[in-house]
Amino acid sequence: MNSGFVAIVGPPNAGKSTFLNHVLGFKLAITSDKPQTTRHRLLGVCNREESQIVFLDTPGLHKPMRALNKLMVRTAMAALQDVEAVLFMVEASAKGLAEGQRVAGMLAEAKKPVVVALNKIDLVRDKAALLPMLERVAGWADWAAIVPLSAAKGDGAAAVLRELAGLLPQGPAIFPEDMITDLSERFLVSELIREKVFALTNQELPYSTAVTIDEFIEPQNQRGVVAITATIHVERQGQKGILIGKGGGMLKKIGASARLDIETMLGQKVYLDLFVRVEPKWSSQAHGLRKLGYEE
């Protein structure tokens, strides 16, 4: 079989996490229509009959302004050193192509074989426009392959996997077949809570929040309830008020939505207790990043 590591890279909001979740058949990476949702390197194992592709989903490559954003970009670029091949996600739109061309220059330094996925083709109304888009992408560099893709619908995903598998060396599986990720349940729970903050709040608030798990108490049997206590950290007192909402309404809404997804993931009933804490300027300072679980 062919096996190896593949980094998924691209601009923010290109559909990297949506693709990973689809091919894994498991919600590993949180998704949002807001860019810069993914902050960590996420490992997902895709087992197929003749290949095992170990994906490293990375934060979107963008122009970093704060310490958190700089860390995200370093995380994405570092992943390129640990893989046999790269999946480069580009959105099929004028904005997506412009952002993709900028990232293409960054990939040249990695010197790894690259499969380009021109994603979100289902949103292109005039299908005749796809050919010029593909020709434009082909002109950026000497790619191993370019594949039209709709990660949301799964169209083209099998072709992407075939192209990537062909770039990997022959050898035994790296991980057991029943393993999907190396991430802990605590981490996945914190991400599901953060996803709901992105979905239910607006403007800059999602980018100023981080989630930590204070308690994760598992029951003694499968029929019991998992008790989870988590804190959502924000940077300003006003953000805390927005997140809690009138009469605690927003926080209850976030908790109820997150609890449903957590129960689906764990396969058990969950009691979720959320708190909000102000952590001034955490995203702009190294000690704030370390305190909230972002390694420098």
Side-chain angles (χ1 to χ4, degrees), residues 1-10 15-31 37-59 75-76 78-89 110 112-115 117 144-145 147 149 151 154 156-195 213 216-224 226 228 261-270 293 295:
M1 73 179 327
N2 291 26
S3 62
F5 290 84
V6 172
I8 310 177
V9 302
K16 299 181 293 296
S17 297
T18 299
F19 171 81
L20 181 61
N21 290 341
H22 173 78
V23 298
L24 295 182
F26 174 80
K27 188 173 182 177
L28 176 65
I30 64 173
T31 57
T37 304
T38 299
R39 293 176 178 172
H40 299 265
R41 186 229 68 178
L42 308 178
L43 184 148
V45 184
C46 177
N47 288 298
R48 293 171 64 82
E49 188 173 337
E50 298 181 352
S51 66
Q52 184 184 80
I53 304 175
V54 183
F55 285 108
L56 302 181
D57 186 22
T58 64
T75 297
L80 296 177
Q81 309 306 315
D82 303 325
V83 299
E84 282 75 35
V86 175
L87 173 58
F88 177 22
M89 302 284 287
K112 300 290 175 73
V114 178
V115 172
V147 182
L149 172 71
V160 171
L161 294 177
R162 283 196 303 272
E163 294 290 351
L164 290 171
L167 299 175
L168 301 181
Q170 289 190 337
I174 300 169
F175 295 104
E177 288 188 8
D178 60 350
M179 178 175 170
I180 297 178
T181 184
D182 62 348
L183 299 171
S184 69
E185 289 180 339
R186 292 175 70 104
F187 174 83
L188 294 173
V189 166
S190 71
E191 287 288 271
L192 288 174
I193 296 169
R194 191 166 64 86
E195 179 182 56
I213 304 301
F216 192 106
I217 303 174
E218 299 186 51
Q220 295 183 349
N221 58 69
Q222 188 67 23
R223 295 183 179 180
V226 180
I228 300 172
D261 277 5
I262 295 168
E263 288 180 338
T264 298
M265 180 185 72
L266 298 178
Q268 289 181 270
K269 289 291 184 181
V270 169
E295 295 182 5

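Numbers for residues simply follow the sequence, beginning at 1.
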Can you check side-chain contact (heavy atoms from CB on, under 4.5 Å) on F55 and V23, steps first, answer last?
-> CA-CA 10 Å; F55 285 108; V23 298; 4.0 Å; yes
Which pair of heavy atoms, one from [X] and one from [Y], lies closest together, and at what distance?
X	Y	value
N2	G166	ND2-CA, 4.3 Å
H22	A151	CB-O, 4.1 Å
E185	F216	OE1-CZ, 3.8 Å
P169	E84	CD-CG, 3.8 Å
V86	K112	CG2-CB, 4.0 Å
V83	A7	CG1-N, 3.5 Å

Between [X] and [Y], is any pair of side-chain heavy atoms under 4.5 Å apart?
X	Y	result
E195	D261	yes
M89	L149	yes
L192	L188	no
V45	I174	no
V270	V226	yes

Mind checking the [atom1]-[atom2] spacing from [X] to [Y]? Nearest 0.5 Å is all I need.
X	Y	atom1	atom2	result
E163	L168	CD	CG	11.5 Å
L161	L87	CG	CG	9.0 Å
K16	L56	NZ	CG	13.5 Å
E191	K27	CD	NZ	10.5 Å
L28	M265	CG	CE	10.0 Å
D57	F19	CG	CZ	10.0 Å

Tell me if a side-chain donor or acceptor on [X] pairs with a main-chain N or O of [Y] at a distance below 3.5 Å.
X	Y	result
T181	G44	no
S3	P172	yes
E177	N47	no

